[in-house]
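To keep things clear, I will list the structure first and then write my remarks on it.
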Amino acid sequence: MTDPAPTTLRRRLEVVSRPALVRLTALPRPVVPLVTVVLFAVAVLAPPAVALVALVLIGLFLVWLTFLAWPAVGAGGRAMRLAMVALVVVLGVTRF
């Protein structure tokens, strides 16, 4: 399902995000998942101040990708993306 009339915010974010997305796709495939796993490990094992920074980075990254992908994914993909964001929030609440 595609968004018939993207909002100004969406169009602006897509334009601003394009260079970062191009750089991310140029990286070797395992880099982004490995960095995410490392940040999750930091969020679980590090002192609270460092863990909070790691969780915020993970959360912002997931929300950014979710927002950009929202019109292009179906209901299952949307549910999975929302579940991932919710898991980060739950980890943050239980960690602190």
Side-chain angles (χ1 to χ4, degrees):
M1 177 189 331
T2 61
D3 191 3
T7 63
T8 304
L9 172 64
R10 170 167 295 290
R11 275 189 256 128
R12 189 162 187 206
L13 186 60
E14 288 171 352
V15 169
V16 170
S17 297
R18 190 174 316 276
L21 291 170
V22 168
R23 276 186 247 123
L24 282 174
T25 57
L27 293 172
R29 286 183 77 88
V31 170
V32 173
L34 285 175
V35 169
T36 306
V37 167
V38 168
L39 284 172
F40 266 115
V42 168
V44 171
L45 302 172
V50 177
L52 180 64
V53 172
L55 280 173
V56 167
L57 288 173
I58 294 167
L60 288 174
F61 182 70
L62 289 175
V63 168
W64 174 60
L65 289 179
T66 298
F67 184 80
L68 290 174
W70 196 261
V73 296
R78 289 177 179 180
M80 181 61 74
R81 284 162 175 77
L82 290 176
M84 291 303 296
V85 172
L87 284 174
V88 171
V89 171
V90 168
L91 178 60
V93 168
T94 59
R95 179 76 164 94
F96 302 102

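No experiment lies behind these values; they were computed from the predicted model shown.
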Nearest heavy-atom pair of [X] and [Y]: which atoms, and what distance?
X: Val88; Y: Phe40; result: CG2-CZ, 3.9 Å
X: Pro33; Y: Pro30; result: CD-O, 3.4 Å
X: Ala43; Y: Ala54; result: N-CB, 4.0 Å
X: Met84; Y: Leu62; result: O-CD1, 4.0 Å
X: Leu55; Y: Gly92; result: CD1-CA, 3.4 Å
X: Gly77; Y: Val73; result: C-CG2, 4.2 Å

Is a side-chain donor or acceptor of Arg10 paired with a backbone partner of Phe67 at a separation under 3.5 angstrom? yes
Do Leu21 and Leu57 sit in one hydrophobic cluster, given that two such residues count as connected whenever their side-chain heavy atoms are within less than 4.5 Å of each other, even indirectly? yes
If you link ILVMFWY side chains whenever their heavy atoms are less than 4.5 Å apart, which other residues fall into the same cluster as Val93? By chain and number, please. Val89
Roughly how far, to the nearest 0.5 Å, is the CG atom of Leu34 from the CZ atom of Arg29? 12.5 Å
Between Phe61 and Leu39, is any pair of side-chain heavy atoms under 4.5 Å apart? no
Heavy-atom side-chain contact between Val90 and Thr94 under 4.5 Å: yes
